[in-house]
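Everything below concerns the one structure shown next.
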Amino acid sequence: MLDEAALKIAQQRLLAVYDPQRFRAAAEQWGELLATHLERDQQRETRVLNWAEPAANIAEAERWLDGVSTNPAAHFPDIVRQMLDRGHNLHHPRYIGHQVPAPVPIAGLFDAVGSVTNQVMAIYEMGPWATAVERALVNRLGEQIGWQRDSFAGLVTHGGSLGNLTGLLTARNVALGGSWEEGVAGGAGVPRRAPVIIVQGDAHYSVARAAGVIGLGTKQVLRAALDERRKLDPQKLDEQLTELIAQGQRVVAVSACACATPIGAFDPLRDVAAVCRTHGVWMHVDAAHGGAALFSRRYRHLLDGVDQADSVVWDAHKMMFMPALCAFVFYRDKRHRFETFRQEAPYLFDPSAPGMAEYDSGMLTLECTKRAAAYGLWGTWSLFGQQLFEDLVDVTFDLGRVFYEKLLATEDFVPLHEPECNIVAFRHVPAAMKSAPPETLGAFQRELRRRLIESGRFYIVQTNHGGVGALRVTIINPLTTADDLDELLVTLRELGVELLKSDRP
Ligand SMILES: Cc1ncc(COP(=O)(O)O)c(C=O)c1O
């Protein structure tokens, strides 16, 4: 134990760390630094990606840990600047990369209220307002899906992957009654065939991973056939289910996409739902990316039939332009909300107030302590209204089309599909590459992209299309312009010429 004097000194040190005046001064500096950073990003003065080799970055980060200053007020802005200077600039309009947006900046301020005051939940009384905010958003988003208030249920969790896991675990517990307690094998008795799950052929890897986690096994994931636009084919799904069920196979769920990751294909949800209904199989829709299109009068038709799904995942940190992580899981039938986790934790969930369990987030989510992940969304919605979400979808989805048309108008770029949203996969095929074998063409795309992102001029991603390397953009910064997209093609051409002159690929 510390003696009295040492305790006092330690408390003095802590008092300085918790001092509201110092906090106020730091917050003012923080606001100024971030606003200046956003301005520089928007004026395209920063590098999109500040590329450094991982080992160099880690060494540098560690060096800072030894740089403790005797004057924290003076040191604070240096630390913030370091974070900004080394980071990835998603607010740069030439960030056109992963399905991670340039978030609405002010959403981060609302999130920060939750972080600074540590608003968390597990049970209602831990975070009454944080819980209320989530429930209000669940109500509104569920209504966007097309459901009647009070007939459905929903929750917020840390990302689409955890969302898929949660939704599919619920499906498993419903389809294989008793599996929560006895395991998937079904306890004592006659051995049965291992159950399967049917998954859109291009589904995000988190769906197959969920099958592993929930004890079905990744080998029990059956891919559903896709049509030529890489959408789930309802007719073939019907045939697949008919055959499986005739063989006595237990099918936990069909997992459809709105949209699938590789090229942003939206499945025909209404037809898929009809097939699932006929066979009595749970329908899960991964709308992590495309859910927000429900706000758009022009694009909501892409999700027609989503209201027929049993569970839906919808990420606010994708196309609602929120900072990570904020994802929603919905159940069409409210009665399924407690099927996911049937455990009881009496020290948390107070039997003397049983009605309260309805509002205890820990009953519905894998997380126990869970941050107030929806503060950013709730604050932003309260400030700007839902028109903002329609605008964000309309602008970025339209730009996907604009980019596609630009690609079509060139001799040396090939779009790999007609986009339905803001995801576009393509290749650069200069004259020298026209008759190159697929592996050379694929390697050329990958090396081109590496040079592009290391240059700091743009950030795009790479993918595989038909087993061959390709380039892929997600236009997920609403400040990206058609000129930026022209400039991307110019830059890729320039780098392509350089690359062809060098030895690689
Ligand atoms: C369709 C789809 N589902 C799920 C995910 C995973 O979401 P998260 O990264 O929030 O875990 C992604 C990620 O891009 C996705 O595209």
Discussion item. Would you say the rings of Phe426 and Phe403 are close, in the sense that their centroids are separated by under 6.0 Å?
Written reply: yes
Fill in: Check ion pair Arg63-Glu60 (N to O, under 4.0 angstrom)
yes
Worksheet item: If you count the non-hydrogen atoms of other residues, nucleotides and ligands that lie under 6.0 Å from CD in Gln387, is the total more than 12?
Response: yes
Practice prompt. Indicate yes or no for a side-chain donor-acceptor contact from Glu420 to the backbone of Phe266 under 3.5 Å, with no hydrogens or angles considered.
Written response: yes
Worksheet item: Less than 6.0 Å separating the ring centroids of His98 and Tyr459?
Response: yes
Discussion item. I'd like to know if the side chain of His92 reaches the main chain of Thr46, judged simply by a donor and an acceptor atom lying under 3.5 Å from each other, with no hydrogens or angles considered.
Written reply: yes
Worksheet item: Would you call Leu392 and Phe397 a side-chain contact if the rule is heavy atoms closer than 4.5 Å?
Response: no
Discussion item. Under 3.5 Å, is there a donor on one side chain and an acceptor on the other for Asn464 and Arg446?
Written reply: yes
Practice prompt. From the options His317, Lys318, His289, select the one residue that forms a side-chain hydrogen bond (donor to acceptor under 3.5 Å, both in side chains) with Gln99.
Written response: His289
In a table with atom names and distances, give each donor-acceptor pair under 3.5 Å that connects a side chain of residues 25-34 to protein atoms at least two apart or in another chain.
unit_1	atom_1	unit_2	atom_2	d
Glu32	OE2	Thr36	OG1	3.3

Worksheet entry | side-chain hydrogen bond (donor to acceptor under 3.5 Å, both in side chains) contacts touching residues 14-23 (sequence neighbours left out) | Gln21-Arg24
Practice prompt. State whether the side chain of Asn422 and the backbone N or O of Ile475 hold a donor-acceptor pair below 3.5 Å, judged by distance alone.
Written response: yes
Worksheet entry | Backbone N/O of Gly97 and side chain of Thr474: donor-acceptor pair under 3.5 Å | yes
Item to complete: For Phe341 and Thr365, work out which heavy atoms get closest and say how close.
Response: CE1-C, 3.4 Å
Worksheet item: Just wondering, do Val313 and Val285 contact through their side chains at under 4.5 Å, heavy atoms?
Response: no
Worksheet entry | Heavy-atom side-chain contact between Phe444 and His428 under 4.5 Å | yes
Worksheet entry | Beyond-backbone contact of Asp486 with Asp483, side-chain heavy atoms, under 4.5 angstrom | yes
Discussion item. Is it the case that the side chains of Asp484 and Thr481 hold a donor-acceptor pair, with the cut-off being a distance below 3.5 Å and no angle test?
Written reply: yes
Worksheet item: So, do Asp412 and Arg493 sit near enough that their side-chain heavy atoms are less than 4.5 Å apart?
Response: yes
Worksheet item: Can you name the closest pair of heavy atoms from Ile476 and Thr396 and give their distance?
Response: CA-CG2, 4.4 Å
Fill in: More than 12 heavy atoms of other groups within 6.0 Å of Arg209 CZ
no
Worksheet item: Looking only at heavy atoms, what is the nearest atom pair of Ala122 and Thr369, with distance?
Response: CB-N, 4.5 Å
Worksheet entry | Shortest non-hydrogen contact from Gly215 toward Val184 | O-CG2, 3.6 Å
Worksheet item: His91 and Gln42: side-chain donor and acceptor closer than 3.5 Å?
Response: no
Worksheet item: Is the backbone of Ala55 close enough, under 3.5 Å, to the side chain of Glu53 for a donor and an acceptor to pair up by distance?
Response: no
Discussion item. Regarding Asn57 and Arg86, do their side chains bring together a donor and an acceptor under 3.5 Å, going by distance alone?
Written reply: yes
Item to complete: Indicate yes or no: at least one non-hydrogen side-chain atom of Asn173 is less than 4.5 angstrom from one of Leu169.
Response: yes
Worksheet item: In chain order, what residues pass the salt bridge (Lys or Arg N to Asp or Glu O under 4.0 Å) check against Asp78, with sequence neighbours excluded?
Response: Arg81
Worksheet item: Okay, side chain of Asn477, backbone of Arg94: is any donor-acceptor separation there less than 3.5 Å?
Response: no
Worksheet entry | Side-chain donor/acceptor of Asn89 to backbone N/O of Asp41, under 3.5 Å | no
Worksheet item: Would you say the side-chain atoms of Arg427 pair up with the backbone N or O of Val468, donor to acceptor, closer than 3.5 Å?
Response: yes
Worksheet item: For atom CZ of Arg223, is the number of surrounding heavy atoms from other residues, nucleotides or ligands below 6.0 Å larger than 12?
Response: yes
Under 3.5 Å, which donor-acceptor pairs link side chains of residues 320-328 to any protein atom two or more places apart or in another chain?
none

Fill in: Spacing of Ile214 atom CD1 and Thr170 atom OG1 [to the nearest 0.5 Å]
9.0 Å
Side chains of residues 375-384: which donor-acceptor pairs under 3.5 Å do they make with residues two or more places apart or in other chains?
unit_1	atom_1	unit_2	atom_2	d
Thr380	OG1	Gly376	O	2.6
Ser382	OG	Trp378	O	2.7

Discussion item. So Pro93 and Arg44, do their side chains get closer than 4.5 Å, heavy atoms only?
Written reply: yes
Discussion item. For Glu494, is there an ion pair with Arg457 - N to carboxylate O distance below 4.0 angstrom?
Written reply: yes
Response to the item:
Nearest heavy-atom approach of Thr166 to Thr340 is O-CG2, 3.5 Å
Discussion item. For a quick check under 3.5 Å, do Glu367 and Thr157 share a side-chain donor-acceptor pair by atom type?
Written reply: yes
Worksheet item: Taking all atoms of both residues into account, what is the closest heavy-atom pair of Asp111 and Ala372, and its distance?
Response: OD1-O, 4.2 Å
Discussion item. Check this for me: does any side-chain nitrogen of one of Glu134 and Lys370 sit under 4.0 Å from a carboxylate oxygen of the other?
Written reply: yes
Discussion item. Are there over 12 heavy-atom neighbours, none belonging to Tyr359, within less than 6.0 Å of that residue's OH?
Written reply: no
Worksheet entry | Contact check, side chains of Arg230 and Cys257, non-hydrogen atoms, under 4.5 Å | no
Discussion item. Can you pull out every side-chain hydrogen bond (donor to acceptor under 3.5 Å, both in side chains) where at least one residue sits in residues 119-129? Sequence neighbours excluded, please.
Written reply: Thr117-Gln119
Discussion item. Could you check whether any side-chain N or O of Asn164 sits under 3.5 Å from a backbone N or O of Ser206, counting only pairs where one atom can act as donor and the other as acceptor?
Written reply: no
Discussion item. Between the side chains of Lys8 and Glu4, is the shortest nitrogen-to-carboxylate-oxygen separation below 4.0 Å, so that they form an ion pair?
Written reply: no
Fill in: Residue pair Tyr299 / Asp398, side-chain donor-acceptor N/O under 3.5 Å
yes
Fill in: Test item: side-chain donor near acceptor, His284 and Ser311, under 3.5 Å
yes
Worksheet item: Does Val252 offer a backbone N or O that forms a donor-acceptor pair with the side chain of Arg172 under 3.5 Å?
Response: no
